[in-house]
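In this chain, numbering begins with 1 at the start of the sequence shown. As the structure lists them, so they are numbered: ligands from 1, and atoms in each ligand from 1.
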Amino acid sequence: MEERNLNFIEEIVEGYIAAGGGEIQTRFPPEPNGYLHIGHAKSICLNFGLAQRYGGRCNLRFDDTNPVKEDVEYVDSIKADIRWLGFDWALERYASDYFEQLYDWAVELIRKGKAYVDDQTQEQIRATRGTVTEPGVNSPWRERGVEENLDLFARMRAGEFADGAKVLRARIDMGHANMMFRDPILYRILHTSHHRTEDKWCIYPMYDFAHGQSDSIERITHSICTLEFAVHRPLYDWFIEELGIFPSHQYEFARLNLTYTMMSKRKLLQLVQQGVVGGWDDPRMPTISGMRRRGYTPASIRAFAERVGVARRDNVIDLGLLEFSVREDLNRVAQRRMAVVNPLKVVIVNFEEGFGGAAAGSGDVANVVPRGTSEGEVAEYEGRTEMVSCVNNPEDESAGVREVPLTREIYIERTDFMEEPPKGFHRLRPGGEVRLRYAYLIKCEEVVRDEAGEIVELRCTYDPASGSGGSSDGRRVKGVIHWVSAAHAVEGEARLYSTLFSKENPDDCGEGETFLDHLNPESLVVSKIFMEPSLASAAVGEAFQFERIGYFCKDGDSVSAGRPVFNRTVTLKDSWAKVQK
Ligand code: ATP
Ligand code: MG
């Protein structure tokens with residue numbers, strides 16, 4: 001583990017262990033009502049990371065107390081995402097595993113005169129809660145006797161009453177300074193089938209009556225959650241104390257917020273349901289599944305979580321930090337390839353001079369090379385084809401080299417040529433020279449236009465003596481550009497992503513606006529791309545650096561699209577470095 005200062009939760013844990021507290025037990029408690037997002041990843045890294053670091057255990061507990069919004073699809077995706085992030089849980093548990101025990105505890109509170117059945121509607125209850133400055137009003141049913149309450153609660157469970165007809169409330173203090181203590185609702189009636197318990201129950205516990213007790217049952221020593229639960233903590237403690245059960249403790253940290261990113265599951269669901277995105281795993285989504293498809297690696301997400309640290313106060317993290325983290329990881333592990341997004345044809349007019357066709361092919365000059373296509377069909381190219389050795393990953397010598405065909409006609413990036421370039425432009429210009437990456441110097445001799453005046457081709461010459469990095473007369477050339485052989489290029493689709501929202505805080509809404517008014521119309525730009533032949537056989541999910549363009553990974557849509565589809569994970573430009581000064 002790398003050296004760094006302890007965060008405040010680690011300090012608490014170390015204090016606990018130093019005081020003889022023993023093995024720590026944490027848990028990650030998602031509600032299965034949506035897919036996990038990068039904020040959850042932060043919580044996962046924290047909870048599982050603590051258990052790893054201090055030799056403890058971390059459970060996965062589904063907080064499944066609201067059958068209306070929950071589904072097994074979400075349970076399955078959550079488990080897959082946690083495993084993909086590189087973590088494994090000690091126990092897989094569900095709050096619904098504890099429904100019987102929770103029911104018994106509710107009965108115990110009724111017996112102690114600490115809970116009662118209220119016939120008021122939830123609206124009436126809300127209306128009589130009072131405000132921060134005014135006490136609430138006691139329910140007319142607050143003084144029901146224990147026997148009557150026990151009877152009514154049993155009949156609630158038995159299904160005698162309609163949804164909303166009654167609730168079970170704690171009997172604490174309607175004038176309490178902490179509004180959470182103003183006779184909070186413990187159970188509500190919901191005649192809804194649950195994804196696990198099916199129709200066994202028609203009453204369901206509220207979050208506050210389930211979470212702390214579930215922690216206690218699992219003997220969670222450190223129940224870590226986000227700051228908005230701080231106001232719930234006294235109530236969490238109250239139930240544990242009243243019931244005399246294992247004393248779990250809750251600790252709060254600041255939730256992760258990211259610029260240009262929406263992190264509410266409810267709103268992410270809205271994006272999916274309204275078809276704004278292609279699904280929960282749309283590469284523009286901040287979900288773990290979206291990020292995976294986009295090309296993020298588990299290591300990069302864990303490194304990001306570590307860099308963000310654990311804050312006590314709410315803050316907003318620059319999206320650039322996340323991009324920095326994935327760039328850093330991919331720079332280490334991704335192989336380099338050449339691909340051209342916005343092609344301009346270059347004809348190297350003297351490339352075949354002295355080349356006598358098939359008979360003359362020898363040494364490093366092959367005259368027939370299979371053309372790589374996504375269908376694996378082999379087209380033949382009869383002209384001079386020189387195989388150029390290209391380094392797969394300058395950061396990793398063991399990645400070796402690959403051979404890339406160079407021919408008389410190639411594609412270069414349109415933006416790598418300018419007729420009247422500004423000062424400091426080191427790429428190609430009329431009469432100018434540039435180096436083809438890992439190959440020769442070429443010189444632009446002529447610019448060819450179509451009838452509309454658009455540049456359609458550059459006619460260039462190459463310097464045959466410049467193959468090994470030098471030149472025929474020792475002249476030096478600054479610019480290096482990537483290229484692909486036109487005869488061998490594999491055509492594919494590049495999906496160039498930007499932020500889904502154009503506003504730093506998508507929730508910052510003016511009159512009559514919603515976050516949907518801040519969608520970025522250019523969050524996805526689809527472009528044709530011409531790639532070196534080796535990319536035809538890339539595996540779905542495989543990550544590459546397309547030299548000088550960005551990091552890309554192959555999308556599963558390649559199969560249905562009938563051609564390779566590559567998602568841009570992140571550009572090469574490091575905007576985070578600028579942020580850091
Ligand atoms: P949402 O409000 O988006 O539905 P949630 O907090 O209700 O999120 P849960 O499934 O209840 O979602 O969250 C599981 C755990 O992940 C909780 O402990 C929660 O505090 C934590 N968590 C959720 N969002 C974030 C976030 N942005 N940063 C850090 N932790 C988070
Ligand atoms: Mg929640």
Side-chain angles (χ1 to χ4, degrees), residues 7-9 26-51 58-66 68-71 73-79 81-82 85 87 89 92-96 195 206-208 210-212 214-215 218 220 222-233 236 248-273 280 285-291 301-302 304-317 319 321-322 505-507 515:
N7 64 51
F8 81 95
I9 292 186
T26 58
R27 88 285 171 263
F28 173 65
E31 182 177 357
N33 62 350
Y35 281 61
L36 296 180
H37 53 58
I38 180 73
H40 295 117
K42 167 75 222 172
S43 174
I44 290 166
C45 291
L46 180 57
N47 280 297
F48 285 93
L50 283 171
C58 180
N59 291 352
L60 168 59
R61 180 183 341 119
F62 291 97
D63 215 331
D64 57 348
T65 54
N66 183 2
V68 180
K69 293 185 176 165
E70 296 161 2
D71 199 277
E73 176 197 348
Y74 300 132
V75 168
D76 294 342
S77 76
I78 288 169
K79 285 160 60 174
D81 286 349
I82 297 172
L85 275 174
F87 298 106
W89 42 91
E92 175 182 337
R93 290 289 181 266
Y94 296 77
S96 57
H195 64 99
M206 302 298 287
Y207 171 88
D208 283 316
H211 203 94
S214 301
D215 283 345
E218 294 173 23
I220 303 298
H222 296 78
S223 176
I224 297 161
C225 60
T226 39
L227 280 178
E228 67 272 22
F229 290 100
V231 289
H232 295 249
R233 188 186 345 117
Y236 178 106
S248 294
H249 284 287
Q250 176 182 303
Y251 302 92
E252 307 92 18
F253 72 105
R255 68 193 291 122
L256 172 70
N257 298 300
L258 266 182
T259 56
Y260 299 100
T261 307
M262 171 56 62
M263 245 182 288
S264 145
K265 266 189 284 184
R266 184 173 59 79
K267 291 177 183 166
L268 294 177
L269 177 63
Q270 212 177 323
L271 293 172
V272 172
Q273 285 177 338
W280 284 101
M285 291 281 270
T287 51
I288 308 289
S289 51
M291 293 173 71
I301 296 175
R302 292 194 305 262
F304 169 72
E306 181 71 32
R307 276 197 183 98
V308 165
V310 182
R312 287 175 192 269
R313 275 172 209 284
D314 278 320
N315 58 0
V316 183
I317 303 294
L319 182 61
L321 183 60
L322 181 62
N505 175 6
D507 270 331
F515 73 104

- Message: Please find the pair of heavy atoms, one from R27 and one from D215, that lie closest to each other, and give the distance.
- Response: NE-OD1, 3.1 Å
- Would you mind telling me if ligand 1 is within reach of the side chain of R266, the backbone, both or neither, using heavy atoms under 4.0 Å? neither
- Does E31 pair with K265 as a salt bridge, N-O distance under 4.0 Å?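 Answer for the salt bridge query: no.
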For ligand 1, is there an N or O atom under 3.5 Å from any N or O atom of [X]?
X	value
M263	yes
L256	yes
G39	yes
S264	no
K265	yes
E228	no
E31	yes

- Message: For a salt bridge (Lys or Arg N to Asp or Glu O under 4.0 Å) check, start with the C-alpha distance between E218 and R93, then their side-chain angles and the critical distance, and finish with the verdict.
- Response: CA-CA 9 Å; E218 294 173 23; R93 290 289 181 266; 5.4 Å; no
- Are C45 and E306 close enough that some pair of their side-chain heavy atoms sits under 4.5 Å apart? no
- Sub-4.5 Å side-chain heavy-atom contact between L60 and K79: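 They are in side-chain contact.
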Of all the atoms in ligand 1, which lie at a distance below 4.0 Å from a heavy atom belonging to [X]?
X	value
H40	8 (O), 9 (P), 10 (O), 12 (O), 13 (O), 14 (C), 16 (O), 22 (N), 23 (C)
T226	19 (C), 20 (O), 29 (C), 30 (N), 31 (C)
S43	16 (O), 21 (C), 30 (N)

- List the steps, then state whether ring pair (Phe, Tyr, Trp, His ring centres under 6.0 Å) holds for H211 with Y207. CA-CA 6 Å; H211 203 94; Y207 171 88; 4.8 Å; yes
- Measure the acute angle between the ring planes of W280 and Y74, then classify it against the limits of 30° and 60° as parallel, tilted or perpendicular. perpendicular
